[in-house]
Amino acid sequence: MLASSRESRALSPHARARVEEVRAYLEANMTRDVDMVSVARQVALSPFYLTRIFKVQYGVPPYRYLIRLRIDHATELLRDSALTVTQICHRAGFNSLSHFITTFHRHVGMSPTQFRRMVDWQRDVGRYGPRTEAVLKQPRRHDF
């Protein structure tokens, strides 16, 4: 995710240190409501300048970096937990389910539910032998 090394070297050590502080802060607080103006104020930079130098260093503005962190966290939760999509939405730092679903789809190419189904399907491939698979696909017999 690093920008070109030539541009990155143009940043002063002070600016690089501030950008690194912001990156570490975003990673530590990705599940919280983060206000970029407040973040910029904490590192004594203007929001515009922070955005500019962060983009030089990491190739994306800080807010997009934060969204990427949240999406990555959400994919881990979808893959490794039994939480609902709504629970994952909130645990990943999104306040709105519709915003989460739209953003997830834009970044991953499918909805969170589709992603979870795909992961579950990939886990189950080859889980059973050919004889068992045939039995599993047969309709159940109901004795009434």
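This one's a predicted model, so the numbers in the text were calculated from it and none came from an experiment. Residues take their numbers from the sequence shown, with the count starting at 1.
- Judged as a salt bridge (Lys or Arg N to Asp or Glu O under 4.0 Å), and not counting sequence neighbours, Asp35 has no contacts.
- For residues 70-79, every residue pair satisfying the side-chain hydrogen bond (donor to acceptor under 3.5 Å, both in side chains) rule, not counting sequence neighbours, is listed here: Arg68-Asp72.
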Show me the donor-acceptor pairs within less than 3.5 Å that the side chains of residues 109-117 make with the rest of the protein, sequence neighbours left out.
{"residue": "Ser111", "atom": "OG", "partner": "Gln114", "partner atom": "N", "Å": "3.1"}
{"residue": "Ser111", "atom": "OG", "partner": "Gln114", "partner atom": "OE1", "Å": "3.4"}
{"residue": "Gln114", "atom": "OE1", "partner": "Ser111", "partner atom": "N", "Å": "2.8"}
{"residue": "Arg116", "atom": "NE", "partner": "Leu78", "partner atom": "O", "Å": "3.3"}
{"residue": "Arg116", "atom": "NH1", "partner": "Leu83", "partner atom": "O", "Å": "2.7"}
{"residue": "Arg116", "atom": "NH2", "partner": "Ser81", "partner atom": "O", "Å": "3.0"}
{"residue": "Arg116", "atom": "NH2", "partner": "Leu83", "partner atom": "O", "Å": "2.9"}

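- No side-chain heavy atom of Arg91 sits under 4.5 Å from any side-chain heavy atom of Thr31.
- Using a 3.5 Å distance cut-off with no hydrogens or angles, the side chains of Tyr65 and Gln57 do not pair a donor with an acceptor.
- The side-chain hydrogen bond (donor to acceptor under 3.5 Å, both in side chains) search around Asn95 returns none, not counting sequence neighbours.
- With respect to the salt-bridge test (charged N to carboxylate O, under 4.0 angstrom), the residues Glu20 and Arg16 do not qualify.
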Could you tabulate the donor-acceptor pairs under 3.5 Å formed by side-chain atoms of residues 99-106, not counting sequence neighbours?
{"residue": "His99", "atom": "NE2", "partner": "Thr103", "partner atom": "OG1", "Å": "3.3"}
{"residue": "Thr102", "atom": "OG1", "partner": "Ser98", "partner atom": "O", "Å": "2.9"}
{"residue": "Thr103", "atom": "OG1", "partner": "His99", "partner atom": "O", "Å": "2.7"}

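- Two residues are said to be in side-chain contact when any heavy atoms from C-beta on lie closer than 4.5 Å; Phe94 and Ile71 meet this criterion.
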Could you pull out all donor-acceptor pairs under 3.5 Å where a side-chain atom in residues 39-54 meets a protein atom, sequence neighbours excluded?
{"residue": "Ser46", "atom": "OG", "partner": "Tyr49", "partner atom": "N", "Å": "3.0"}
{"residue": "Thr51", "atom": "OG1", "partner": "Pro47", "partner atom": "O", "Å": "2.9"}

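- Under the 4.5 Å side-chain criterion, counting only non-hydrogen atoms from C-beta, Met36 is in contact with Val34.
- Atoms CG and SG, on Leu77 and Cys89 in that order, are 11.5 Å from each other to the nearest 0.5 Å.
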